[in-house]
Structures are given as structure tokens and as C-alpha cells.
Peer 1: 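Below: one structure in C-alpha cells.
Just so it is clear, the structure is predicted and the values come from calculations on it, not from any experiment. Whatever order the structure lists them in is the order used to number ligands and atoms, beginning at 1.
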Amino acid sequence: MIIAKFGGTSVADAEAIGRVVEIVRSRLDSRPIVVVSALNQVTDGLLDLAQQCGTDNGAELEDPLAALVERHQKVGKALPGCSAAVDCITADAEQLRNHLAAAKDRRLSPAEIDSVAGKGELWSSRLVAAALERAGLLIAWVDIRPIMVTDARFGRATPYTQVLNKRARDQLKPLVEAGTVPITQGFIGATATGEPTTLGRGGSDFTAALLGAALGVDRVEIWTDVDGLMTADPRVVPSARTLSAASYDEAAELATFGAKILHPATAVPLARAGIPIVVLNSRHPERGGTTIGPRTELERMGDSPIRSISWKQGITVVNIRAPRMLGTYGFLRALFEVFERHETVVDVLASGEVSISITIEDRSRLDPIVQDLMQLGDIWVEENRAIVAVVGIGLRHTPGLAGRVFNAVWPANVEIISQGASAINMTFVVREEEGPDVVRRLHQEFFGSC
Ligand code: ADP
Ligand code: ASP
Ligand code: MG
């Protein structure tokens with residue numbers, strides 16, 4: 001059994017869905033379960049609608065919703081055998097239109113926003129299922145929400161793995177064993193009481209990983225718009241090369257620090273079970289892609305001790321200067337309790353003799369965080385920063401690497417430097433506008449091109 005997950009660009013239009021059909025057909029012997037994302041940019045469009053409800057722009061939601069529905073209708077019309085799927089999408093969109101119209105004078109609740117955001121996956125999966133059925137495959141469209149049971153943290157819900165494992169085995173496995181191809185949705189779930197939730201942006205990869213781990217599949221295939229995990233984001237470094245292999249740890253570090261190709265949590269359930277992730281290009285299925293598996297020295301990238309470079313923008317640095325307290329018991333606990341209380345994830349931490357710097361991505365609770373931290377010391381905040389991460393198992397035993405990194409980064413000013421305990425990554429903070437150039441200079445240094 002395998003999971004084949006198709007991202008937004010891999011189901012973007014009728015042609016792309018046609019390619020999905022051929023890929024799934026070529027995998028039938030491996031007994032696939034298909035997980036799909038929304039058509040590309042549809043989730044952005046739905047979130048815009050949901051967030052504008054009850055604002056001054058709320059009156060103008062009809063047109064953008066109609067455009068989203070028309071896009072699905074157009075794809076459905078271009079694919080033979082999809083008229084029932086199109087009717088189903090149109091009827092669901094009509095309900096959504098009524099809901100938004102009824103709510104136009106108020107902001108939507110987080111639960112309502114998740115319900116709207118998740119429509120894209122429900123709609124795309126209808127189209128993909130119909131196209132596969134029309135192609136002669138025995139399929140079953142499966143609503144993942146009763147299987148993917150999560151907590152109620154709307155927008156970034158956490159699945160309850162024990163429940164999900166049992167339900168996936170009870171409900172998906174028999175379908176596969178009966179020779180059917182289940183088609184289901186990434187990204188979405190529901191609370192135990194049935195309220196729709198989402199797993200966070202890019203969450204379809206995580207869905208694929210969770211289902212793969214639950215079912216003990218042979219591999220999880222992530223079909224996307226590039227040839228695999230690369231030495232850098234090809235949008236930043238056009239000459240970036242595809243890696244044929246990477247370890248779970250490397251993939252997780254790269255994803256955490258901005259490599260959008262995988263959701264940061266994807267490797268976690270699969271690493272535990274030792275199930276490989278294969279990242280593949282749906283436009284070029286014949287290319288080998290990247291296999292992500294247990295820690296390995298499998299491949300050397302030429303002479304480079306590092307595997308890849310990633311970067312993440314929109315970072316805020318919170319600095320705390322507390323000369324008297326830093327060396328005392330309980331100070332760090334008090335510090336982290338503030339971030340915990342405000343449910344804000346800390347990415348990078350660096351501490352000096354009298355001060356500590358912490359980076360966060362989510363600024364929504366910044367003001368109350370700063371208020372609370374002021375009890376602990378002097379606080380100053382720096383905005384518009386980026387984190388750059390240099391990742392590779394080779395970092396472990398290559399002396400003098402820091403010097404090479406910082407020479408390459410010059411003349412950009414490096415503000416915070418941190419090396420993970422696993423010693424396979426080196427991260428630092430630069431000004432946001434310098435991020436892409438820094439990545440290119442590092443790529444030149446370690447891979448000889450930019
Ligand atoms: P999907 O819609 O298939 O989930 P995403 O847009 O989420 O695809 O992720 C694929 C994109 O990730 C690529 O188009 C590429 O620009 C970006 N990316 C960022 N870092 C990397 C990297 N190291 N290797 C490959 N792609 C990367
Ligand atoms: N459609 C969702 C998003 O755009 C999930 C995903 O693509 O993985 O975030
Ligand atoms: Mg993605």
C-alpha cells in the first residue's frame with residue numbers, strides 16, 4: 001500500500017488532473033490511497049473570503065466566490081465524466097454563498113473560517129475522483145473529516161493519532177483490500193463533535209504522512225511541481241539541484257526553516273515508522289525524485305558538506321536584557337511560560353551573557369508577549385527579519401564550516417547564530433531584504449552556482 005499525495009499545482013487544471021490519472025494508474029499494483037490538496041491558490045481565495053466577511057469589503061464577496069466556483073466548473077467541464085462532481089461542488093458553493101450572505105455583518109468565528117478554508121480540498125477531491133472513475137478505476141471518494149479527528153485549535157489543529165490510526169485502519173484499509181482506490185482530502189479534519197478544522201497551511205503533506213504511518217504503507221509519495229527536494233528553493237536559486245536522497249532530520253530542518261516543499265511536521269510520523277517519503281514531479285513522473293529516509297550518508301553532493309539551504313521571511317526578533325536574572329533559577333522557565341501562555345512558537349534562540357534573543361513567526365500576540373516580558377527585563381523588538389538555515393549531516397564533522405558560511409554571507413550582517421542540538425543545521429538571522437542574496441551567496445559557496 002502507498003499514499004500518493006498531489007499538491008495544488010498537480011491538480012491545478014484539467015490537464016494536471018489528467019496527469020494525476022495516469023500517475024495513479026501507473027501505481028495500481030502498489031495499491032494507492034490518493035490524498036489531494038485544493039486546486040492551487042484556492043485555499044488563499046477561500047481564506048480571503050472568510051477573513052473579509054464582516055469588514056468593509058464584506059459586501060463584495062459574491063464575485064470572488066463566483067470566480068472560485070467557475071474555476072472548478074471549468075475544470076469539471078473540460079474533464080469527461082465530471083458533471084455530477086460539478087453539480088455537487090455548485091450545490092456546496094451555493095450553501096457557502098448563503099452562509100456568507102447571512103454572516104455579512106459580522107466576522108466569522110475561527111471554526112467558521114476553517115469550514116470555509118477546507119472547501120477547496122472537498123471540491124478538488126470530487127473532481128479527481130470523478131476523473132479517475134471515468135478512466136475506469138474502481139474508486140471510493142472518502143470524506144477524511146470523521147477519520148482525521150483533531151483538537152479544536154482552528155487553523156492549526158492537532159490530530160488525535162490513536163483515534164485516527166484506528167479509524168484509518170477500519171475505514172480505509174478494507175477499501176484498499178477490496179481493490180478500490182480511496183480518494184480523500186489533505187489539510188482538513190474535524191473535532192470529535194464534527195466541527196471542521198484545518199491542520200495549518202501546507203497541511204496536506206502532513207495528512208499524507210499521518211495516514212501513511214497509520215496504515216504502515218510502503219512509501220508516501222508527495223507529488224509536486226519541482227523534481228524533488230533541492231539544494232535551495234529554485235525560485236530563489238534558479239540553478240538549484242535536485243537531491244536524490246535526504247534524511248528525515250534534514251528534511252524536517254529544511255521544512256521548519258522555510259522550504260515550502262514539505263509541511264514541517266511531515267517527517268515526524270514517518271520517521272518513527274521508518275517509512276520513506278518520495279518527493280516527485282507530477283509533470284515529469286519519470287524523474288527519480290528525492291527519497292527521504294533514515295539518517296544516511298547515502299549521497300554526497302559533490303564536495304559539499306551541506307545538503308541544502310532554506311530561508312524563511314516575516315520573522316520578528318524579541319530581545320530580552322536581564323543582567324541580574326539571567327543566571328538565576330527559574331528565569332528561563334518564566335521566559336518560556338510567556339510564549340506558552342500566548343501560544344506562540346519560538347523558532348530560534350540565542351543567549352549571551354546578559355541577554356537572550358528569540359525569533360517568532362506569528363506576530364498576532366506580540367503586544368501582550370512584550371507586555372508580559374517587561375516584568376523580566378528590558379525588551380526590544382526587531383522586525384522584518386529572515387532566518388537562513390544551512391542544513392546537512394556533513395555539518396557534524398566538517399571543521400571550519402562556520403568560517404566558510406560567514407565569509408559567504410558577508411557583507412550581510414548576521415544578527416543571531418544558532419546551531420541545533422542535532423548539529424545538522426546552522427541557522428542565523430539577517431534582514432529580510434538580504435535573505436535571497438544571502439541564500440544565493442551560500443549556494444555559490446557550497447554548490448558552485450547561484
Ligand atoms: P504543493 O502545492 O505541491 O504542495 P508547494 O508550493 O507547497 O507545492 O511546494 C513546492 C514549492 O516549494 C516549489 O515550487 C519550490 O518553489 C518550493 N521550495 C522551497 N524550498 C525548496 C527546496 N529546498 N526544494 C524544492 N522546492 C522548494
Ligand atoms: N490547500 C492547503 C493550503 O494551501 C493545504 C496544502 O496545500 O497542503 O495550505
Ligand atoms: Mg505544499
Side-chain angles (χ1 to χ4, degrees), residues 4-12 16 19-20 23 35-48 50 68 113-114 116-125 144 148 155-157 184-189 197-210 220-244 246 250-266 277 279-283 287 289-290 292 301 306-313 388-392 425 435-436 439 442-443 447:
K5 175 260 168 177
F6 294 91
T9 45
S10 300
V11 293
R19 286 192 291 269
V20 169
I23 292 168
V35 174
V36 296
S37 296
L39 274 53
N40 72 325
Q41 289 169 358
V42 164
T43 311
D44 291 337
L46 289 164
L47 276 169
D48 262 3
L68 286 175
I113 294 176
D114 261 11
V116 177
K119 295 286 183 196
E121 272 68 14
L122 290 165
W123 296 345
S124 66
S125 61
I144 202 66
M148 189 64 64
R156 49 182 168 149
T184 195
Q185 308 79 33
F187 182 55
I188 61 174
T197 55
T198 62
L199 309 186
R201 295 309 305 271
S204 297
D205 302 323
F206 191 34
T207 306
L210 289 165
V220 171
E221 294 183 345
I222 303 287
W223 290 90
T224 185
D225 61 348
V226 290
D227 286 350
L229 193 58
M230 304 176 84
T231 48
D233 184 345
R235 287 180 215 191
V236 178
V237 183
S239 67
R241 301 199 295 260
T242 306
L243 302 164
S244 59
E250 288 170 323
E253 296 284 359
L254 288 167
T256 302
F257 295 112
K260 196 187 162 213
I261 180 119
L262 282 181
H263 181 280
T266 312
I277 308 168
V279 184
L280 292 148
N281 188 339
S282 63
R283 284 178 183 275
R287 298 185 184 161
T290 306
I292 299 165
M301 286 301 299
I306 71 165
R307 195 79 81 192
S308 183
I309 305 152
S310 62
W311 82 295
K312 184 155 86 164
Q313 53 189 325
V388 177
V390 173
V391 175
N425 74 323
V439 172
L442 285 165
H443 201 271
F447 301 105

Peer 1: Taking side-chain hydrogen bond (donor to acceptor under 3.5 Å, both in side chains) as the definition, give me every residue that meets it alongside Ser10, ordered by chain and number, with sequence neighbours left out.
Peer 2: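 Expected list: Ser282.
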Peer 1: Just by distance, with hydrogens left out, do Trp311 and Gln313 show a side-chain donor and acceptor under 3.5 Å apart?
Peer 2: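 Not at all, the side chains of Trp311 and Gln313 share no donor-acceptor pair under 3.5 Å.
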Peer 1: Can you list every pair where an N/O of ligand 1 is under 3.5 Å from an N/O on the protein?
Peer 2:
residue	atom	partner	partner atom	Å
ligand 1	2 (O)	Gly8	N	3.1
ligand 1	3 (O)	Thr224	OG1	2.7
ligand 1	4 (O)	Lys5	NZ	3.2
ligand 1	6 (O)	Lys260	NZ	3.0
ligand 1	7 (O)	Lys260	O	3.4
ligand 1	8 (O)	Thr224	OG1	3.2
ligand 1	12 (O)	Ile261	N	3.4
ligand 1	14 (O)	Asp225	OD1	2.9
ligand 1	14 (O)	Asp225	OD2	3.2
ligand 1	14 (O)	Arg235	NH2	3.0
ligand 1	16 (O)	Asp233	OD1	2.8
ligand 1	16 (O)	Arg235	NE	2.9
ligand 1	23 (N)	Met230	O	3.2
ligand 1	24 (N)	Met230	N	2.9

Peer 1: Between Asp205 (side chain only) and His263 (backbone N and O only), is there a donor and an acceptor less than 3.5 Å apart?
Peer 2: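 Yes: the side chain of Asp205 pairs with the backbone of His263.
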Peer 1: Does a donor on one side chain sit under 3.5 Å from an acceptor on the other, for Asp114 and Thr198?
Peer 2: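 Side chains of Asp114 and Thr198: pair found under 3.5 Å.
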Peer 1: For ligand 2, list every N/O pair with the protein closer than 3.5 Å, one pair per line with the distance.
Peer 2:
residue	atom	partner	partner atom	Å
ligand 2	1 (N)	Thr43	OG1	2.7
ligand 2	1 (N)	Glu121	OE2	2.6
ligand 2	4 (O)	Thr43	OG1	3.4
ligand 2	4 (O)	Arg201	NH2	2.9
ligand 2	7 (O)	Ser37	OG	3.4
ligand 2	8 (O)	Gly202	O	3.4
ligand 2	8 (O)	Gly203	N	3.4
ligand 2	8 (O)	Ser204	N	3.0
ligand 2	8 (O)	Ser204	OG	3.1
ligand 2	9 (O)	Arg201	NE	2.8
ligand 2	9 (O)	Arg201	NH2	3.4
ligand 2	9 (O)	Gly202	N	2.8

Peer 1: Test of understanding: with side-chain contact (heavy atoms from CB on, under 4.5 Å), list the residues that count as partners of Ser37, not counting sequence neighbours.
Peer 2: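 If we apply the side-chain contact (heavy atoms from CB on, under 4.5 Å) test to Ser37, skipping adjacent residues, the hits are Lys5, Glu121, Ser204.
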Peer 1: Please test Thr197 against Ile188 for side-chain contact (heavy atoms from CB on, under 4.5 Å), starting from the C-alpha separation and ending with a verdict.
Peer 2: CA-CA 6 Å; Thr197 55; Ile188 61 174; over 6 Å; no
Peer 1: Verify, without hydrogens or angle tests, whether Thr231 (side chain) and Arg241 (backbone) share a donor-acceptor contact under 3.5 angstrom.
Peer 2: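 At least one qualifying donor-acceptor pair exists.
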Peer 1: Do Lys312 and Val388 come within less than 4.5 Å of each other through their side chains, counting heavy atoms only?
Peer 2: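 SC-SC contact between Lys312 and Val388 ruled out.
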Peer 1: Where the side chain of Thr207 meets the backbone of Phe187, is there a donor-acceptor pair that is under 3.5 Å apart?
Peer 2: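 Yes.
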